[in-house]
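Written out below as structure tokens is the structure these notes cover.
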2 protein chains.
Amino acid sequence: MLPAMSIRPPLRQRKRQRARDQIVAAAFELFAERGFAEVTVADIAERAEVGRTTFFRYFGDKQEVVFSEEQTLMDDWVARHRALPPAETLDDALAQTREFTVALVREMTADAEHFLQHERLLAANPELNDRAMRKYQRLVEAMSDNLRAKGTPEPAATLVPQLALACYRTARHVAGPDPAALPAALEDAFEQLIGLSRR
Amino acid sequence: MLPAMSIRPPLRQRKRQRARDQIVAAAFELFAERGFAEVTVADIAERAEVGRTTFFRYFGDKQEVVFSEEQTLMDDWVARHRALPPAETLDDALAQTREFTVALVREMTADAEHFLQHERLLAANPELNDRAMRKYQRLVEAMSDNLRAKGTPEPAATLVPQLALACYRTARHVAGPDPAALPAALEDAFEQLIGLSRR
DNA sequence: GTCCTAAGTGGTACTGAGTACCATAACGGA
DNA sequence: TCCGTTATGGTACTCAGTACCACTTAGGAC
């Protein structure tokens, strides 16, 4: 009857979303104040005003909360990648992957503040870096699956996304944590890659 | 006086090595029997006949013991890489890196049984895979440092070793865990890489 | 509204990793 | 033989992560 009813984000789900948001917000606040290692799950739960148990219902472990935002972005990008047209040649596949990766990185670095805080956390906590690598690998594998499904033969289907990751890692290393410099450095790495074995 | 005294691996150090070996042996036995997650550090310490505390004196955490052997190998290979002659061109650097990586992988897979057990552990335990990736990255960074020190400019100094890792990951994925198939698959990936942008 | 079921919550209690500390043992040199 | 350094193993602690349980509440049927 009421407009709110017909628009329907079914209350239960809204509560759920709110709890999740509170947890993420509390976590990032505390991480910024004290650093990842010095914050306990109990601390986060307390500030988010939920039970410790509830934290683990929303996030599999303490590390996951750090990647909560990235995770949903990734899912988006995997879907977008799946929608890409098939690549005719291997050069084509590489060019397409390059374009895709650059666009992805541009979005990742769009919120410079958030990106920087994220990078600072990773730099200070090796376990978080490890976890980030796992995320990257998952994305790379999803891209490989998509390429394979669209006819790119092995080993190129696996190799090309791995090369994109190599370029990203390179750019990240050369450019430092500055989000503004990253896209250009990434283009540069791809240029280098393409130029490498061309004579 | 006694010959043993003059050959001198100073008893204390021998004991230390023996304790370490016992821990590694006990750990791998137990992992093979029950799997990584189902073995506690206390279990390992007990079978190795040392105190739980002692385990952590030799290994920073439970995961480290899995990579104990690899770690010493890595140190070796980093030194060997440092001793390589400087690469004149970028093509040269890539070719050299390729040769080096293939040789490294051949040694890694030489003990097929050990390699397989290791891979099985990684496959069954994501955290171990994460840690392995960290090790790979450390090696890659060491290689980059060496290239840079010998005059290879950025971003190639960073990129080339990252590309080698990309090839390895690709080979590992395409070939499966079979150590015998790995070197050939690796060569294949490098061929693909070199061929990719050559027209 | 009333009732019912399923979903969500938070508390308690447990295991196990990792750390700090300490008292003791034993190597190795004088 | 004595002494300082090094290594050991025990105790006790914090905290992540899991299992379980009793309690609440959304939301549908009537």
Side-chain angles (χ1 to χ4, degrees), chain A residues 1-2 4-24 26-27 30-31 34-68 121 125-128 130-131 134, chain B residues 1-2 4-24 26-27 30-31 33-68 121 125-128 130-131:
Chain A
M1 284 168 177
L2 292 168
M5 265 189 84
S6 51
I7 312 169
R8 248 190 327 166
L11 177 55
R12 211 147 205 185
Q13 192 171 314
R14 263 180 295 150
K15 272 194 153 184
R16 210 156 199 295
Q17 189 57 48
R18 199 161 50 82
R20 192 190 166 89
D21 291 346
Q22 281 172 350
I23 293 173
V24 173
L30 288 164
F31 293 158
R34 281 182 251 162
F36 183 78
E38 283 68 36
V39 174
T40 72
V41 172
D43 293 336
I44 301 172
E46 193 185 359
R47 183 164 305 193
E49 297 181 291
V50 299
R52 208 181 72 98
T53 317
T54 300
F55 176 93
F56 287 108
R57 257 189 218 101
Y58 285 87
F59 301 96
D61 58 35
K62 191 181 155 192
Q63 301 189 9
E64 269 309 303
V65 71
V66 174
F67 300 97
S68 54
L121 280 175
N125 303 90
E127 338 87 75
L128 289 180
D130 293 353
R131 186 60 76 93
R134 192 198 294 190
Chain B
M1 286 167 173
L2 292 167
M5 266 189 82
S6 51
I7 312 171
R8 251 191 323 165
L11 175 57
R12 210 146 205 185
Q13 191 170 315
R14 261 178 299 150
K15 271 194 152 182
R16 208 154 202 297
Q17 188 58 48
R18 200 161 50 82
R20 192 189 165 88
D21 292 346
Q22 280 171 351
I23 293 173
V24 173
L30 287 164
F31 293 157
E33 290 172 17
R34 281 183 251 162
F36 182 78
E38 283 68 35
V39 174
T40 73
V41 172
D43 293 336
I44 301 172
E46 192 185 0
R47 183 165 304 192
E49 296 180 293
V50 298
R52 205 182 75 99
T53 316
T54 301
F55 176 93
F56 286 108
R57 257 189 218 98
Y58 284 88
F59 300 96
D61 59 32
K62 191 180 154 192
Q63 302 187 10
E64 269 309 303
V65 70
V66 173
F67 300 97
S68 53
L121 279 176
N125 303 91
E127 338 89 75
L128 290 180
D130 294 353
R131 186 60 76 94

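Computed over heavy atoms, backbone and side chain alike; hydrogens, waters and symmetry mates excluded. Sequence lines set the chain letters: A, B, ... in the order given, protein chains first and strands last, and positions in each chain run from 1.
Judged purely by atom type and a 3.5 angstrom limit, A:D43 uses its side chain to pair as donor or acceptor with the backbone of A:T40.
At most 12 heavy atoms of other shown residues, nucleotides or ligands fall within 6.0 angstrom of atom CD in A:E46. Dense packing is recorded around CD of B:Q22, with more than 12 heavy atoms of other residues, nucleotides or ligands lying under 6.0 Å away. Within 6.0 Å of atom CD in B:E64, more than 12 heavy atoms from other residues, nucleotides or ligands are found, so the atom counts as buried in its surroundings.
Remark: the B:R52 side chain and the C:dG16 base include no donor-acceptor N/O pair separated by less than 3.5 Å. If you check distances only, the side chain of A:T53 does reach the base of C:dG11 with a donor-acceptor pair under 3.5 Å.
Spacing between atom CZ of A:R18 and atom P of C:dT9 amounts to 10 Å, rounded to whole angstrom units. Here D:dG9 presents its P atom at 10 Å from CD of B:E49, a figure rounded to the nearest Å. Taking atom CD on A:E38 and atom C1' on D:dT14, their separation rounds to 13 Å, with Å as the unit. Between A:F55 atom CZ and C:dG8 atom C1' the separation is 17 Å, expressed in whole Å. The separation between B:R34 atom CZ and C:dG16 atom P is 10 Å, rounded to whole Å. The distance between atom CZ of B:F36 and atom P of C:dA17, rounded to the nearest whole Å, is 9 Å. D:dG17 atom C1' lies 12 Å from atom CD of A:Q63, rounded to whole Å. Here the P atom of nucleotide C:dG28 and the CD atom of B:Q13 are 10 Å apart, to the nearest Å.
Residue-level contact check: A:Y58 touches the backbone only, with heavy atoms under 4.0 Å from sugar-phosphate atoms and none from bases. Among the atoms of the strands shown, only primed sugar atoms or phosphate atoms (P, OP1, OP2) are found under 4.0 Å from some heavy atom of A:T40.
Comparing atom distances between the B:F56 side chain and each of C:dT9, C:dA6, C:dT19 picks out C:dT19 as nearest. Here the side chain of A:T54 is nearest to one of C:dG10, D:dG17, C:dA17, namely C:dG10. Among the nucleotides D:dG27, C:dT9, C:dA17, the one closest to the side chain of B:V41 is C:dA17.
Ion pair A:E127/A:K62 not flagged as a salt bridge, since none of the NZ, NE, NH1 or NH2 atoms sits closer than 4.0 Å to an Asp/Glu carboxylate oxygen.
Two residues, A:V50 and B:V39, neighbour DNA chain C, and the one matched to the more 5' nucleotide by heavy-atom proximity is A:V50.
Put simply, A:K15 has no side-chain N or O that comes within less than 4.0 Å of OP1 or OP2 on C:dG8. Of the side-chain N and O atoms in A:R16, one or more sit less than 4.0 angstrom from OP1 or OP2 of C:dG8.
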